[in-house]
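To find a chain, count down the sequence lines: A is the first, B the second, and so on, and within it residues start at 1.
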Protein chains: 2
Amino acid sequence: MITLSEVAKRAQVTAATVSNVLRNREKVHPETAERVLKAIAELGYRPNLNARALKKGRSSTLALMLSNIANPFYPEFVLAAERAARSAGHFLLVCNTDDDAKVGQAYLNQIAGTFADGVLVMNTDIAFNEFCTSTMQSVPILLTMWERPEAPPALPCIAVDFARAGALAAAHLLELGHRDIGMLIGDGCGGLQNARSDGFLAVLRAAGIETDAAAVLQIRDSIDAGYAACMQLMANRPQLTAIFATNDLLAIGAAQALITLRRTVPDDVSVIGITDIQLAHQVHPALTTVAIQTAAVAELSVDRLIRLIQTPDQQPSMVLAPPPELVVRASTGPRRAASS
Amino acid sequence: MITLSEVAKRAQVTAATVSNVLRNREKVHPETAERVLKAIAELGYRPNLNARALKKGRSSTLALMLSNIANPFYPEFVLAAERAARSAGHFLLVCNTDDDAKVGQAYLNQIAGTFADGVLVMNTDIAFNEFCTSTMQSVPILLTMWERPEAPPALPCIAVDFARAGALAAAHLLELGHRDIGMLIGDGCGGLQNARSDGFLAVLRAAGIETDAAAVLQIRDSIDAGYAACMQLMANRPQLTAIFATNDLLAIGAAQALITLRRTVPDDVSVIGITDIQLAHQVHPALTTVAIQTAAVAELSVDRLIRLIQTPDQQPSMVLAPPPELVVRASTGPRRAASS
DNA sequence: CTGAAAGCGCTAACAT
DNA sequence: ATGTTAGCGCTTTCAG
């Protein structure tokens, strides 16, 4: 490994001067700088980031903790977060907790304050949140994708108004004339996605529609689960003309179940989800959904975390992400007079 | 931040002893050790990994460079790689190059040898490979998912026999009686997926079947592109009874196009892909595909990279991953006598 | 404008 | 069994 002082020797200066050249051309004589640059190039020198991090007390690395990157939602977030981090001069360390709070704690213990200058935590359960709170003193932690803006956590966070997302979905279905609506509730990654379903149900109730328990299923977060649950729903309640799912994976599974059942989407049954993952528009029929603008949330989160690193220790404050927006595609349509 | 010497002071020993306690209980008196452990707990001490890395010259971090994590194939690889790395005591730094060799080079320049002890590189183009070769001297680099076992690169690599995967797909379709077969070739991430298509075509040719150019489309890697291309294919050649795609994303898009065209899969047209991404079995009809055993390849890659770090500088050697395997699901079936 | 020197927190000889 | 010492490669005053 080539070190600073080897470069210095070759350029006939000291390490300090080389270090200066590396990020402060002001104080160095152009001619000297050129000599140094030449030596750097010739030797193929690359700074040792560990030494730099040790000296400066900052590593220019952000950590992102998520439960399972195999869920298609996360890669989209990661992509955007990584771009944002990179363009701000930071690396992004992706930490999979495998849905295991123990793994999450171990990660946090190891990286917090040394490998990572700050940590972004998504979708955790409460036990883990408490743990975060205790380690927050040594390193900034930002919760992101917080689903309950009305109940801010004890940490800084970026909240998304998922209740509103549910409400938008409900309004859309109501407007299309649907009244018999089935509901699929996913299990997020630390509790059911109840903010979404509550928002949805509130609108229905305001319109005088009661949804009985038989039309509601709580399931794991996956296309498979959505498929199976939709099968069950349609068996229980063949008269349903629409299905609302708390996320797109479930909705996609539901749509496929309907196709298997020879029910046309959306002519026989409409389907709507939440999130707007990439798959949503790639599937046929393309999924109507409520977009929560993942990339924007990711960027906001990274920005805010970096700011937290620079000026830490304020009150735990919550920032609301841009509001969810309805994206109408091909999976929803008007209720037909006589269905199936 | 709590340091070793603060712990030492509280436990009335020196930093060296604390350091010993931290990973070598042999040499230290149990009573002392207990005192140290107590101090560590009370102070909430956590070792500074940068200091450790600087001292030891190793950071216990692996980097994984990939083109775009939004492609569903990558998260599955990442998940497995991260688990393997973690269980071997390493972190995994995921680096998105955004399909841009420049970004890849910048990453490599920064992290190689300091933040990462070794680098896993997937699916790169040749220009980047050359760059890797030059930086390989300072840090072990392992190419993974190499598609051409018959042409080993100048770096250590894990190769997957994709030609064989194509051949298996061809054999399967032939066995089902298909002769009019369309082909969708994706663009990997640095060149077309030709190993796959070559393996496929070789088997067809050996069976006396010529595939003419009109039945072959070269496209970008996505469900959308597969959908559009399949539409075009069926317009050109309505008599096709099967479609082979060089990856599952394309195949899934193709299947959806067929459904849109009111062609039943697999009764009218069979569809087969390569890879066996999670989506393949979640989609309906479930996709027949040739599994390349992503998780196994990821684990193998991590193992081999770690070994390379421990004993570097051998000849660039190639390791062949476990062979691809046909996974028959619902999207392929026998050719019907009279098709559409 | 450049050099000398100290030290970030940790580890690993080598002493005791 | 524990302490002493000397850096790892870099940044950063402070002198010159």
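Atom NE2 in B:H29 sits roughly 23 Å away from atom P in C:dT16 (whole-Å rounding). Summarising the geometry, the separation between CD on B:E31 and C1' on D:dT2 is reported as 14 Å, rounded to the nearest angstrom. Taking atom CG of B:L54 as the reference point, atom C1' of C:dA12 lies 14 Å away to the nearest angstrom. Here D:dT11 presents its C1' atom at 7 Å from CZ of A:R23, a figure rounded to the nearest Å. Between the CD atom of A:E34 and the P atom of C:dT2 there is a distance of 13 Å, rounded to whole Å. C:dC10 atom C1' lies 17 Å from atom CZ of B:R46, rounded to whole Å. Put simply, CG on A:N50 is 14 Å from P on C:dC10, counting in whole angstrom units. In this structure, B:I40 places its CD1 atom 13 Å from C1' of C:dC10, rounding to the nearest Å.
Residue B:T32 is the one, among A:A16 and B:T32, whose nearest nucleotide of DNA chain D lies closer to the 5' end (criterion: closest heavy atom). Between B:K56 and A:L22, the residue anchored nearer the 5' end of DNA chain D, judged by the nucleotide with its closest heavy atom, is B:K56.
In terms of phosphate contacts, A:T17 brings a side-chain nitrogen or oxygen within less than 4.0 Å of OP1 or OP2 of C:dG3. Distances shorter than 4.0 Å separate some side-chain N or O of B:R52 from OP1 or OP2 on C:dT11.
Between A:F91 and B:Y107, the ring planes lie tilted relative to each other; the angle falls in the 30° to 60° range.
Looking at B:I69 and A:V94, their side chains never come closer than 4.5 Å, going by heavy atoms from C-beta outward. Side-chain atoms of B:M1 and A:T114, non-hydrogen and from C-beta on, do get closer than 4.5 Å to each other. Side-chain contact between B:L62 and B:I309: present, with at least one pair of heavy atoms (C-beta onward) separated by less than 4.5 Å. By the 4.5 Å heavy-atom criterion applied to side chains, B:Y74 and A:L79 are not counted as neighbours.
Closest contact between the side chain of B:T14 and the listed nucleotides D:dT4, D:dC10, C:dC10 involves D:dT4. Here C:dC10 is the nucleotide among C:dC10, D:dT12, D:dT2 with the atom lying nearest to any side-chain atom of B:A51. The listed nucleotides are C:dT2, D:dC10, C:dG3; the one nearest the side chain of A:L4 is D:dC10. The B:S19 side chain lies nearest to C:dT11 when the options are C:dT11, D:dG9, C:dG9.
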Chi angles and distances behind the salt bridge (charged side-chain N to carboxylate O under 4.0 Å, His left out) call for A:K38, A:E34: CA-CA 6 Å; A:K38 186 152 155 283; A:E34 199 179 338; over 6 Å; no

Table please: side-chain donor-acceptor pairs of residues 294-306 of chain B below 3.5 Å, with sequence neighbours left out.
unit_1, atom_1, unit_2, atom_2, d
B:S301, OG, B:T144, OG1, 2.8
B:S301, OG, B:V297, O, 2.6
B:R304, NH2, B:S317, OG, 2.8

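Terminal axes of the helix from C:dC1-D:dG16 to C:dT16-D:dA1 (five pairs each, C1' rotation axis) are separated by 40°, to the nearest 10°.
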